[in-house]
Structure formats: structure tokens, C-alpha cells
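See structure below.
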Amino acid sequence: MENDLGCFVDEQDVAPLREFLLSLQRPEPPLLLRNDILLAFQQFAGQRPAAEGDLAGAWRFLRKVQEVLLADDLLIILYRHRRASCRIFALSEDDDRLIPVTLIDFLAIKERLIRPNLPPQQRTLAINLAPFYDYGPTLKDPNTIGQGIKFLNRHMSGNLSNHPEKWNRSLYEFLKLHQLHGTQLLLDGSLVRSPEELEEALSSAMDFLERCRYPDDLARISQRLGRLGFLAGWGNSLPRMLETMHMLQDILEQPDEANLEEFLSRIPMVSSVALISPHGWFGQENVLGRPDTGGQVVYVLDQAKALEDFLAQDLRDAGLEIAPKILIVSRLIPENEGTSADQRLEKVYDTDDVWILRVPFRYPDNSVVPHWLSRFRIWPYLDQFAVDAEEEIRRELGGRPDLLVGNYSDGNLVATRLSKNMGVIQCNIAHALEKSKYLFSDLYWDEFEPEYNFSIQFMADLLAMNQANFIITSTAQEITGTDNSIGQYESYQFFTMPGLVNVISGINLFHPRFNVIPPGVNQEVYFPYNRKRGRKVKMRREVTRLLFEQEDADCLGRLENLDLPPLFTIARLDRIKNLTGLVEAYGQDEELRRRVNLIMVASVTDPERSKDAEEAAEIRKMHGIIEQYGLRGQVRWVGKFLGKAETGEAYRIMADRRGVFVQPALFEAFGLTILEAMHSGLPVFATQFGGPLEIIEHEKSGFLINPTDQPAMTARLREFFHHCEENPRYWQGFSQRALERARERFTWQRHCRELTRLTKVYGFWRYSTSQQAKMRLNQYSEVLYHLFYKARAEQIR
Ligand code: UDP
Ligand code: LCN
């Protein structure tokens with residue numbers, strides 16, 4: 001550990017940096033976050049005579065300081081020297097050196113700073129998962145986090161080269177045991193009895209295929225291959241079978257990572273999948289726009305449909321006549337409020353065999369929980385739900401699925417329980433981790449507890465993320481953040497919930513389980529505005545009327561000039577979506593108001609009709625802003641929920657009128673609406689905080705905006721429309737590049753190909769590595785699950 005500030009900054013920067021750090025005033029709580037530190041430094045720099053030198057070096061250092069704790073006579077500095085890695089040291093007035101601080105001490109100091117009244121003898125529970133990660137391969141370079149599959153393939157092909165006896169045997173055993181729906185595939189172990197025999201059999205089979213005189217007679221070919229020990233699953237044509245066998249031969253002789261990945265991805269391993277999404281109103285109609293039900297439902301439904309198509313083709317390519325089946329496992333809610341949430345089984349539209357399977361939550365006396373529950377209060381029911389869901393899944397599939405995918409904290413926890421009991425590979429998807437969404441949700445957990453129960457949720461997250469075989473994220477920053485902000489998973493590395501638990505190592509971000517695979521959108525619904533096919537005149541007319549003219553209790557505002565281009569936005573009125581911020585910024589910008597109208601589709605206009613306190617407050621605030629700036633002639637607020645088809649048409653109508661889409665959230669984990677707009681050819685302006693940073697290439701396929709700097713945000717919009725007036729092709733350029741970007745990177749076909757590939761590669765990895773070490777982690781997790789998670793969850797019934 002470096003022991004002097006001079007190791008981090010140039011010599012001339014040390015003195016002012018020290019002076020600045022030691023001048024920091026102790027706030028309440030005695031902790032400064034990165035933004036506060038940078039603001040304080042700007043002030044410090046402003047008051048300092050220029051002659052005393054340039055402070056650029058000190059600024060560079062401070063940009064990496066994530067937190068400063070102001071303890072009585074010490075400053076504790078959390079220095080994030082690169083993504084996913086921190087150093088901690090203390091600085092005092094009377095010592096020139098930096099004193100290294102261990103994580104354990106850091107958490108203990110932080111805990112006591114926040115809760116000075118903790119009894120001095122209290123020793124808080126410490127959780128440290130690091131020792132369980134000693135066993136496996138670990139990424140070194142933080143820039144490769146999120147590309148776990150690449151790393152794993154390299155690692156496994158290295159093993160195949162360096163330890164062929166062990167690894168060739170593993171591969172042989174894996175192929176020999178490979179079954180789908182109870183049918184043995186690939187290798188007949190009674191004929192091919194060892195890796196050596198496999199090599200010989202492969203030569204004979206390839207020899208036969210190369211010389212085969214009846215290349216189109218697949219039945220005869222299969223018979224002949226069967227006699228050599230090769231069962232179904234190698235391909236649906238002679239060339240494909242030969243190619244697959246070549247790949248295997250190369251792996252056995254001279255393994256390389258690309259070949260290994262390609263070979264594994266051809267193995268037909270997945271035909272049935274269970275997607276777990278318990279909390280929301282999961283359905284196809286009337287569910288979106290309700291509390292807790294938004295992008296996640298859209299994501300899971302679209303993913304399930306696309307996965308069915310992909311797997312059907314994948315199985316056909318392998319030469320199998322097996323049709324995939326997909327279950328979306330959610331909660332059955334008897335008091336259904338006009339939704340289908342009370343139906344046990346619902347077929348998903350436009351699919352052959354995709355179903356929503358609903359399983360009720362039960363009380364300890366076995367009776368069914370009749371009403372909807374917020375996602376913050378479902379924890380006591382998940383343990384039993386997992387048991388019941390297993391039974392229902394087995395009944396529907398006639399056995400266990402080949403893949404379990406969890407969604408959100410609750411779904412991931414249930415997937416963990418199912419995976420453990422059923423022995424099935426598990427993938428997690430977070431959608432949004434609440435921990436980083438709510439500032440200080442860990443430090444002030446006890447204040448949040450009555451409404452949010454974060455102590456339970458964060459434990460559920462820790463358990464699920466550490467036991468998942470692989471985790472997919474929509475963006476890289478979801479894992480490790482950006483240079484300036486920490487990632488959602490990164491925030492679980494270490495933290496304290498004072499008086500309750502100190503997490504010393506909560507997640508190993510260098511484990512190869514993380515992979516970035518963004519979602520897509522339903523391209524039947526969200527297609528370019530200039531494509532005539534699929535656009536229905538009646539729908540266009542109706543949606544246009546609703547968005548621009550209709551007068552009823554749900555619509556507010558009558559546009560004075562209908563010819564102006566529209567700024568369009570659509571979201572639930574959650575505080576974090578910040579639509580009020582957008583309207584306020586628009587209200588303050590006279591010129592923008594003259595140039596464009598603002599149209600938003602958002603929740604309801606009557607706060608009394610909202611069932612969510614946070615939403616009702618935002619609705620009231622929105623009314624206040626509209627009145628304050630007199631916006632009724634320039635703003636239209638459609639307080640209605642739009643169905644999928646209508647939203648698709650809405651984006652296109654806005655594009656017809658040369659408008660733009662604005663997404664002004666204070667933080668957005670990913671942001672499906674941005675993708676929907678881009679697939680429709682509508683130029684986008686979206687928040688720079690969160691996922692959009694990786695969707696949009698700034699000033700090329702859209703614009704990133706800072707919603708906390710309102711004047712700068714509207715200036716950007718003004719500038720855009722100014723350019724459009726001068727050059728009509730300017731708008732076209734952004735529309736076209738948004739479309740290209742969306743089609744190239746963000747499609748469900750791509751997503752499903754990658755997801756299936758991960759399942760296969762991690763499936764082999766899971767099989768071939770020792771389960772011993774994993775077992776230890778699982779045992780430890782089991783204790784936390786019962787003694788911490790379940791015990792606390794019981795208390796909120
Ligand atoms: N949505 C909709 N109709 C509405 C409002 C929203 O269909 O009136 C859909 C929207 O098209 C998107 C989803 O709800 O598919 C919102 O997802 P996003 O990821 O943008 O945000 P989330 O709600 O998950 O935070
Ligand atoms: C949850 C969110 O908050 C959004 O940002 C995502 O787009 C959505 O889930 C789908 O993953």
C-alpha cells in the first residue's frame with residue numbers, strides 16, 4: 001500500500017490536497033460522497049489565489065474518491081482507483097503518511113459514525129464470502145468484467161490443452177450423460193466407453209460421413225452412426241453432422257476457445273425453460289403501468305416469445321424433433337382487479353407452447369393470500385412459493401426444466417431455491433437492484449425498514465447473486481458502474497447496515513459469471529415510422545386523436561399550435577422517472593416552448609385515483625408545475641395507460657411529425673422505452689445516468705442529457721430543433737442512426753442466441769468443475785437463508 005499522497009499525485013499537488021482534505025467541515029451525517037467532495041473542492045479552488053498553482057492533479061485524485069468519513073481526529077478516504085477496486089486509508093493532521101485501513105475497520109468506523117449510540121460491546125454480524133471464491137478462475141482485468149463467457153472458454157480450452165486426461169474425460173462423460181426429455185443423445189456409452197474410444201469412433205464416423213453415398217437419407221445415416229455409438233443431436237444434415245464432429249475432434253486434439261464455444265453451443269441442451277417473476281401482476285393485458293409492473297413484464301414476455309423461436313430452430317439444427325416449452329412462473333392473485341392474475345395457466349399470445357403459470361402465495365395455515373402485495377412486502381411468502389412452484393413446474397413439464405431464469409430480487413431468490421432442489425442451472429437477471437436506487441438505503445436501513453424492508457431484500461440479493469451459475473445484465477455499468485459512479489452489483493461488494501450486519505465481501509465481481517446481454521423489443525410492434533406495412537390507418541387516427549386532441553377527464557391541456565414538432569415522453573409517474581423535472585425545465589425555457597409542444601403519456605391525472613403514495617405526490621407536483629408556468633396551451637398530459645400496439649403507433653406518429661423522445665430519469669437501470677423509440681426511428685434524448693449511456697452513442701445515435709442541469713438539457717433540445725429548421729436532413733440522420741444502432745445491438749434474436757450459448761457453456765463448466773467448493777458456499781448460504789432471511793421475513797407478515 002502506498003503510504004503517501006505523493007504516490008497518487010505530483011509533489012506540488014500534495015500540500016493543497018492535504019490542506020483541502022483537512023479543511024473539510026464535518027457534516028451530519030459525518031460522511032461526504034463524491035459529488036459533495038467535488039463541490040467542496042470547487043469552492044476551495046475558487047477561494048485560492050491562482051498564483052498558488054494549478055490544482056488539476058488534486059482534482060484528478062479527488063475524482064476517484066468515492067467517500068470521505070470524517071471521524072473525530074481522522075479522515076477516512078475511500079479511493080476507487082479503478083472500477084470494482086477500492087483502497088482505503090486514513091489521514092490525520094499530525095501525520096504526513098497515509099495509514100492503510102482494512103475493510104473490517106472501515107466498516108466498523110462507518111457503522112459507529114452513523115450509529116454512535118451502539119453499545120460499545122456490540123459485535124455486529126460480519127459476512128465475508130471471499131473465502132468461497134478461492135477455488136475458481138478469476139478475471140484479472142476489470143475491463144473484461146461482463147465478458148465471463150469469453151474468459152471461461154479460454155480457461156476451459158487451456159485446461160483441455162494442459163490436462164487432457166482429466167478434461168477429455170470430463171467432456172466425454174458430459175456427452176455420454178447428455179439427455180433431453182429423458183432421451184439419451186449424442187453418445188452411446190455402452191459402445192463408446194472411454195475418451196480414447198471416442199477419438200477412434202469419431203474417426204470412423206467422419207470417415208463414413210465423408211464417403212457416404214446416400215447424403216440425404218438421414219434415417220439411414222443415423223442408423224449407421226448409431227452402430228458406431230453416435231446418437232441423435234449432431235446435426236440435421238450430413239454436412240452439419242460432419243462439421244460438429246470435426247469440431248469435437250479438434251477440441252480433443254488441439255483445443256482452442258472459439259472452437260470449444262462453437263461446439264458447446266451446438267449441443268442441444270435446452271428445450272424447456274422456467275422464467276421466474278413472482279411479484280408483479282404478470283399478464284398480457286391490463287397489467288402494465290401498475291405499481292411494480294413495468295419494463296420487467298414487457299422484458300420477460302418478449303424474451304419468452306423470442307426464446308421459443310430461437311430454441312425451436314436450435315433443436316431443429318441439432319436434428320431433433322423436440323418442440324421447446326417455456327413457463328413464466330408468477331404469482332396467482334385471487335383478487336385480480338380485472339386482470340388475468342387469478343388464472344392458473346394462461347397461454348402467451350402468438351406462441352406454440354409458452355405459458356404463464358401462476359402459483360399462489362400461502363399463509364402458514366395453508367390458506368391463499370388473496371390480494372396484491374407490493375414487491376417490498378412479499379418476502380415471507382417466497383419460501384413456500386418456491387416449494388409449491390417446484391411441484392407445479394414439474395407437473396407442467398413432466399420433469400424439471402433445463403434452465404431456470406430468475407427476475408428481480410424475489411425471482412432470483414426463488415430461482416436459487418429451485419435450482420438447489422432440482423439441480424438445474426440458474427441464470428439471474430436483476431432488472432434494477434433497489435440498493436443503489438435509494439441513497440443510503442444500507443446506512444439508514446432501519447429508517448427505510450417499515451416501508452421497504454431492505455434488510456431482507458439485500459440479503460436475498462446476496463444469496464441469489466452468489467449462487468447463480470451465471471448472471472446476465474443489460475449493461476456493463478450495471479455490474480461495475482462508470483469511472484464516476486459505482487455499479488449496481490458493485491455496491492454489494494462491501495457495505496454496512498449499522499447494528500445489523502457488516503458485509504465485508506458480498507460479491508466477487510471478478511468471478512466469470514457476469515455477462516452483458518442487452519434485451520431487444522418486439523419488432524412486430526416497434527417498427528420504423530416510414531414502413532407502410534403494418535401501420536393501420538384506423539389505429540393511427542385514434543392514437544393521434546388521443547395524443548393531440550381528445551378532450552376528456554384523463555387528458556389535460558389543449559395545444560395552441562398543433563403544427564409544432566412534439567417532445568414525447570412516456571413513463572409511470574415515479575419520482576425517479578423525473579417527468580416533473582422535464583415539464584419544469586420546459587416551462588422555464590420560453591424559446592423551447594415557442595418551438596415545440598410537449599406530450600406525455602403518464603399514469604393518471606387525478607391523484608385520488610392513484611394507488612401509490614409516491615405516484616400521487618408526483619401527480620400533484622405535475623399539476624402545480626403546469627399551473628405555475630401556464631403550460632396548458634403547450635403541454636398535453638395523457639393520463640391513460642396505452643396498450644402495446646398503441647405505444648408502438650405513438651412513437652411512429654411522433655416521428656411522422658419530426659419530433660423526439662425524451663427520457664429524463666434521475667437514474668434508469670436500462671430503459672426499454674428508449675429502445676422502443678429507437679426501433680421506431682424516433683430520435684432520442686435520454687438521461688446520462690444509467691443504462692442509456694450504453695444504448696446511445698452521444699451525438700450520433702441520439703443524445704445523452706443531464707436531467708439535474710435543466711437549462712443545459714433544454715439548451716440541447718433547442719439546438720437540435722434549430723439545426724432541424726436549418727437542415728431538414730439533420731433529423732433524418734439521427735432517426736436513421738438510432739434505427740441502425742437498435743437493430744445492430746438490441747434485438748431479441750441476438751439476446752436469445754447469447755443466452756442459450758451461456759446456458760450451454762456454463763452448463764458444461766458446472767458439470768466439469770468440482771462441486772465441492774460450491775457446496776461449501778451453498779451450505780453457508782443455507783444458514784444465512786434460514787437464520788437471517790427467513791427469520792426477518794417472518795416478522796413482516
Ligand atoms: N408502457 C406501456 N404503456 C404505457 C406506459 C409504458 O406499454 O402507457 C411500457 C413501455 O412501452 C415499456 C415499459 O412499459 O415497454 C416501461 O419499461 P421501462 O424499461 O422503460 O421502465 P420501467 O417501467 O421498467 O422502469
Ligand atoms: C426495470 C427497469 O428499471 C428498467 O430500466 C428496465 O428497462 C426494465 O426493468 C427491464 O429490464
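When reading the values below, keep in mind they use all heavy atoms of this one structure, side chains included, and skip hydrogens, waters and symmetry mates. Both ligands and their constituent atoms are indexed starting at 1 by order of listing.
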**Residue pairs involving residues 481-493 (criterion salt bridge (charged side-chain N to carboxylate O under 4.0 Å, His left out); sequence neighbours excluded)** =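 Counting only pairs at least two positions apart or across chains, the salt bridge (charged side-chain N to carboxylate O under 4.0 Å, His left out) contacts touching residues 481-493 are Arg80-Glu490, Arg83-Asp483.
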
**Request:** Take the angle between the ring planes of Tyr452 and Phe454 and call it parallel below 30°, perpendicular above 60°, tilted in between.
**Result:**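 Tyr452 and Phe454: parallel rings.
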
Could you list the atoms of ligand 1 found under 4.0 angstrom from a heavy atom of [X]?
X      : value
Thr673 : 10 (C), 12 (C), 20 (O)
Phe641 : 2 (C), 3 (N), 4 (C), 5 (C), 7 (O), 8 (O)
Tyr526 : 11 (O)

Kindly state whether the ring of [X] and the ring of [Y] have centres lying under 6.0 angstrom apart.
X      : Y      : value
Trp748 : Tyr299 : yes
Tyr651 : Tyr529 : no
Phe703 : Phe734 : yes
His679 : Phe527 : no

Less than 3.5 Å apart, any donor N or O on the side chain of [X] or [Y] sitting next to an acceptor on the other?
X      : Y      : value
Arg331 : Ser277 : no
Gln467 : Thr416 : no
Ser409 : Gln457 : yes
Asn286 : Thr339 : no

For ligand 1, is any non-hydrogen atom under 4.0 Å from [X]'s backbone (N, CA, C, O), its side chain (CB onward), both, or neither?
X      : value
Val298 : side chain
Thr647 : side chain
Lys577 : side chain
Ile570 : side chain
Lys644 : side chain

**Request:** Mind checking the CZ-CD1 spacing from Phe689 to Ile705? Nearest 0.5 Å is all I need.
**Result:**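 So the gap between those two atoms works out to 10.0 Å.
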
**Atom pair CG/SG of Asn412 and Cys427 - distance to nearest 0.5 Å** =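 Nearest 0.5 Å value for the CG-SG distance: 8.0 Å.
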
**Close approach, Phe670 and ligand 1, non-hydrogen under 4.0 angstrom** = no

**Request:** Please write down residue, atom name and distance for the protein heavy atom closest to atom 19 (O) of ligand 1.
**Result:** Leu672 N, 2.9 Å

Between the protein and ligand 2, which nitrogen or oxygen pairs come in under 3.5 Å, and how far apart is each?
{"residue": "ligand 2", "atom": "5 (O)", "partner": "Glu668", "partner atom": "OE2", "Å": "2.4"}
{"residue": "ligand 2", "atom": "5 (O)", "partner": "Phe670", "partner atom": "N", "Å": "2.8"}
{"residue": "ligand 2", "atom": "5 (O)", "partner": "Gly671", "partner atom": "N", "Å": "3.1"}
{"residue": "ligand 2", "atom": "7 (O)", "partner": "Gly671", "partner atom": "N", "Å": "3.0"}
{"residue": "ligand 2", "atom": "7 (O)", "partner": "Leu672", "partner atom": "N", "Å": "3.4"}
{"residue": "ligand 2", "atom": "11 (O)", "partner": "His431", "partner atom": "ND1", "Å": "2.7"}

Looking at ligand 1, does any of its N/O atoms fall within less than 3.5 Å of an N/O of [X]?
X      : value
Leu642 : yes
Gly294 : no
Gly295 : yes

**Prompt:** Do Lys536 and Glu649 meet the salt-bridge criterion of a basic N to acidic O distance under 4.0 Å?
**Reply:** no

**Complete:** Nearest heavy atom to atom 12 (C) of ligand 1, choosing from Glu676, Gln663, Glu646, belongs to Glu676

